[in-house]
Structures are given as structure tokens and as C-alpha cells.
Amino acid sequence: MKAAQITRYSKNIRMTVNDIPVPEIGDDDILIRVKAAAVNPVDILNLTGAVRLIQDYKMPLTLGNECAGIVEKAGRHVTRFQPGDRVYSRLPVSSLGAFAEYVAVPALAAARMPEGLDFVTAAAIPLTGLTAYQAITEELCAQPGETVFIPGGSGSFGQMAVPIAKALGLRVIVSGNARAKDALLSAGADRYIVYTEENDWETLSGVDYIIDTLGDKEFDHELSVLKENGILLSLRGIPNGAFAQKNNFPLIKRLLFTLAGAKYDRKAKRQGKAYKFLFVRADGAQLEKITQIVEANHIAPKIDPREFDLSQINDALQLVAGGHINGKVILRFLNFCLECSGLRNQAAVFISALLCQIMNGGYRNKLLAENERHSLFLY
């Protein structure tokens with residue numbers, strides 16, 4: 001099969017498409033024939049090694065964090081899926097691989113795709129959907145009626161976070177660019193602040209929760225609009241000691257993250273507030289709940305109109321790195337099931353042999369003999 005891989009971490013966006021074996025699956029896994037895979041900023045972090053303290057990888061590494069496709073095989077212990085099911089997944093952080101024609105995934109990390117969505121649209125959901133769901137229900141423990149502010153929420157995260165937050169009963173405020181305003185308000189945002197027209201820290205106060213997508217540069221402004229005892233949860237800032245402890249990191253990593261995040265913890269604590277960091281994990285059960293929300297609210301994330309296949313992975317990554325995108329960037333796969341691929345190979349061998357006979361004469365008897373022996377129909 002074809003897979004986009006790196007052999008070392010690098011600041012240069014340069015992946016190679018290689019021929020590698022189709023992965024074997026364990027008793028609790030499924031083999032997904034990938035039909036679409038989303039390209040995300042986190043893929044660039046994986047490529048450059050920027051998150052290697054959170055998760056380091058053996059090389060060569062097939063990248064790709066989320067995908068949609070068809071179950072090709074199911075392990076002996078898998079009862080939730082069977083071959084032919086249309087599924088999607090945020091792959092476990094420890095075992096990426098969505099930028100490939102096939103990927104082995106723990107069954108517990110996958111869910112059936114929402115009804116009515118194609119593979120391309122479904123592939124855009126797992127990563128941002130799970131990030132929003134885990135942020136709201138686990139890290140913030142937000143309750144219906146409370147307010148969450150998402151600065152910089154005009155991108156793909158906001159597209160999923162806003163309707164999920166509304167479905168969970170929250171009041172949602174978003175800041176972002178002007179062109180996304182109507183779409184986010186239509187998705188359910190209660191208020192949208194165009195950052196070029198007003199400063200959110202001058203107009204907001206007493207917000208229950210903040211989900212930060214901008215990182216360190218806006219930390220002080222974000223903290224200022226948060227109520228006392230409120231929580232600032234960062235998706236892009238610096239991990240802290242609480243994050244390392246929750247994820248059971250080794251002692252040395254806990255110490256490193258405690259030191260790295262100390263400045264943010266101190267600033268928040270001085271104001272009677274809390275700082276947290278989130279790196280989304282795979283969770284098929286939560287993805288099923290997101291599927292229900294997507295179906296009930298007819299959510300369809302916006303897809304960038306530029307199309308890419310696996311051979312254009314570097315172009316897709318460069319586009320995401322540049323930041324000038326209009327929705328999720330998706331790789332599309334035109335692949336065949338393993339059985340069909342085998343039949344196609346048999347057909348290719350047969351046709352090749354036939355052409356040789358035509359070139360050398362005596363082809364009629366050979367054709368009749370091959371047809372009788374294989375009963376092979378070409379259509």
C-alpha cells in the first residue's frame with residue numbers, strides 16, 4: 001500500500017510516499033480502508049517534533065491523525081464493527097497513520113460515520129469534535145447555562161466547538177475574522193466579536209470558561225475577561241504539571257512540564273483562576289456521542305475546496321502551514337478493497353499474457369484455454 005512517511009523530525013515540510021505492507025491487526029483492532037484523511041496543524045507539529053515531549057515516535061513514521069473509511073477486516077474480539085461498515089476515527093496519539101491507504105485502529109477508537117455525510121466531510125470531524133467534547137465535559141465540566149468564550153474560534157475548531165457547546169446547553173462567544181461571522185452565528189454562537197473591529201478584553205468580563213486557540217500572546221488578555229474561579233483551557237499554549245500528572249508521564253517529564261507551565265499557573269492563581277492544557281485523545285465512545293450531536297443538528301464542517309490526493313501531501317501540508325485556508329484540508333483516496341485489488345492484479349497479469357500472445361501469434365487457442373481455466377470476466 002501507499003503511505004506518506006517521514007524518516008526523521010524536520011522543520012522542513014517534506015514527506016515521502018512509500019510502498020509499505022498493509023498493517024496487521026490485533027484481536028481488538030479494525031483495518032480501515034482510508035477514503036479521506038484530514039490534514040491538520042497538529043500533523044505539522046508531529047512532523048517537526050514539536051510535540052515529542054508529549055509523544056515521541058519511532059521512525060519511519062506514517063503521519064495522519066484522523067480519517068474516514070470502510071472497515072476491511074475486524075479482529076476476533078471486535079463485535080461493534082464488521083467489514084463494510086463506514087467508520088471514522090481520531091487515531092490514538094501513540095499510533096498515527098491516517099495518511100495511508102490502510103490503517104489499523106483499535107476498535108475502541110472508532111465510531112460509525114454520521115448518517116448522510118460523505119467520507120470527505122466525516123474525516124473533518126473526529127479531531128476537532130473530540131477536542132471540543134473533552135474540553136467542555138472533562139476539563140471544564142461546564143454546566144448548561146454557563147458561558148464559554150473561544151478566542152480565535154473562526155477556524156475548523158470553532159466550526160465543531162460552537163454547535164457541540166450549544167448542544168450541551170452552553171452560551172457561546174467567539175472572536176475571529178469578519179468572513180466567518182455569519183457562519184459561526186448560524187452555527188449557534190450567541191455573540192461573535194470581529195477582532196479587527198473591537199477588542200474582546202475591553203468588552204467582555206465575568207466569563208465562566210475560555211478555550212484558548214491562540215497561545216501565549218493572548219494569555220493575559222484572556223485571563224482578564226475570566227471570572228474568579230474560572231478556567232482558562234489552552235489548546236495551543238504550554239503544557240503544565242497538572243497535564244503531565246493526569247497523563248501519567250514519567251517523573252522527568254512531569255518536572256519539565258511543571259517548570260514550563262509554572263508562569264501560567266502562577267498568573268492564574270494570583271487572580272483566583274485556573275490554567276489547564278489539553279491534548280486530545282482518541283475515544284470511540286465519545287465519538288459516538290458526537291455522531292449523535294452531528295446528526296441531530298445537521299452539522300457539516302466546511303471543507304476547503306482545493307483537492308489533494310496522497311501524492312500531493314506536501315502541498316496540502318504547506319497550505320495548512322500557511323494558514324490561508326477556507327475549511328478543513330482533506331486528502332482523498334481512490335483505493336480498492338484488498339480482495340478487489342487482488343482481482344485487478346489477476347486481470348492485469350491475464351491481459352499482459354494475452355497481449356504477448358497476440359504479438360507472437362497463436363493467441364486464439366491461448367485465450368480459450370485461459371478463459372476455461374480461470375472463468376475470468378473482465379468488465
Side-chain angles (χ1 to χ4, degrees), residues 41-42 128 131-166 168-243 257 260-280 323-325:
V42 70
T128 50
T131 301
Y133 192 87
Q134 289 171 17
I136 294 166
T137 64
E138 294 181 353
E139 300 294 337
L140 303 179
C141 299
Q143 300 299 309
E146 293 184 313
T147 299
V148 61
F149 172 42
I150 308 174
S154 55
S156 59
F157 174 71
Q159 289 181 43
M160 290 302 301
V162 169
I164 288 175
K166 293 303 296 182
L168 295 172
L170 302 183
R171 181 172 180 265
V172 184
I173 304 172
V174 179
S175 70
N177 58 54
R179 71 175 184 273
K181 180 177 180 178
D182 290 343
L184 270 296
L185 289 173
S186 297
D190 296 280
R191 181 178 176 184
Y192 190 94
I193 298 172
V194 178
Y195 74 92
T196 56
E197 298 176 2
E198 57 180 321
N199 296 320
D200 55 70
W201 60 91
E202 294 175 344
T203 59
L204 297 178
S205 63
V207 173
D208 296 299
Y209 309 108
I210 292 175
I211 301 178
D212 161 58
T213 71
L214 300 174
D216 180 73
K217 62 182 179 180
E218 292 297 319
F219 182 82
D220 291 336
H221 287 152
E222 292 172 359
L223 201 62
S224 71
V225 306
L226 197 62
K227 75 171 187 178
E228 189 173 354
N229 296 319
I231 301 172
L232 192 162
L233 175 66
S234 182
L235 308 179
R236 196 175 174 181
I238 302 297
N240 60 0
F243 167 78
F257 284 132
K263 178 178 74 171
Y264 306 97
D265 288 333
R266 283 196 301 269
K267 283 186 175 182
K269 190 175 181 179
R270 283 196 208 106
Q271 298 183 31
K273 303 166 186 179
Y275 171 74
K276 290 187 175 185
F277 178 83
L278 172 65
F279 197 84
V280 62
H324 301 295
I325 55 178

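The figures here come from the full heavy-atom set of this structure, side chains too, leaving out hydrogens, waters and symmetry mates. Quick note: residue numbers are just sequence positions, from 1.
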- Note on the structure: Sorted by chain and residue number, the ring-ring contact (aromatic ring centres under 6.0 Å, His included) partners of Tyr192 (sequence neighbours excluded) come out as none
- Item | Straight-line distance of Leu168 CG to Ile136 CD1, nearest 0.5 Å | 5.5 Å
- Check Lys273, Lys269, Lys267 against Gln271 for a side chain to side chain donor-acceptor pair (under 3.5 Å) and give me the one that passes. Lys273
- In short, Leu184 meets Gly153 closest at the heavy-atom pair CD1-O, 4.0 Å
- Task: Hey, could you give me the CG/CD distance between Asp212 and Glu218, rounded to the nearest 0.5 Å?
- Result: 8.5 Å
- Query: Ile231 and Lys276: side chain to side chain contact (heavy atoms under 4.5 Å, CB included), yes or no, with the steps?
  - Reply: CA-CA 7 Å; Ile231 301 172; Lys276 290 187 175 185; 4.1 Å; yes
- Partner of Tyr275 under ring pair (Phe, Tyr, Trp, His ring centres under 6.0 Å), picked from Tyr209, Phe219, Phe243, is Phe219
- Message: If you compare all heavy atoms of Phe279 against all heavy atoms of Val42, which two are closest, and at what distance to 0.1 Å?
- Response: CZ-CG2, 4.0 Å
- May I ask you to test the Asp216-Tyr264 pair for a side-chain heavy-atom distance under 4.5 Å? yes
- Just by distance, do the side chain of Thr213 and the backbone of Gly152 share a donor-acceptor pair under 3.5 Å? yes
- Query: How far apart are the closest heavy atoms of Pro151 and Glu222, and which atoms are they?
  - Reply: CG-OE2, 3.3 Å
- Query: Quick check: are there more than 12 heavy atoms from other residues, nucleotides or ligands sitting under 6.0 Å from CZ of Arg236?
  - Reply: no
- Nearest-0.5 Å distance that lies between atom CG in Asn177 and atom OG1 in Thr196: 8.5 Å
- Could you tell me whether Lys181 atom NZ has more than 12 heavy atoms of other residues or ligands within 6.0 Å of it? no
- Beyond-backbone contact of Arg191 with Leu204, side-chain heavy atoms, under 4.5 angstrom: yes
- State, to 0.1 Å, how close Ala135 and Ile211 come at their nearest heavy-atom pair, and which atoms those are. CB-CD1, 4.0 Å
- Shortest non-hydrogen separation from Val172 to Ala165 and the atoms involved: CG2-CB, 3.6 Å
- Task: Run through Leu140, Val148, Ile210 and flag the one making a side-chain contact (heavy atoms from CB on, under 4.5 Å) with Leu233.
- Result: Leu140
- Nearest heavy-atom approach of Ala132 to Ile164 is CB-CD1, 4.2 Å
- Query: Around atom OH of Tyr195, are there more than 12 heavy atoms of other residues, nucleotides or ligands at under 6.0 Å?
  - Reply: no
- Message: Return the OG1 to CD1 distance between Thr203 and Ile193, rounded to the nearest 0.5 Å.
- Response: 4.0 Å
- Nearest-0.5 Å distance, NZ of residue Lys227 to OG of residue Ser205: 12.5 Å
- Task: Rounded to the nearest 0.5 Å, what's the gap from NE2 on His221 to OG on Ser175? Could you check?
- Result: 12.0 Å
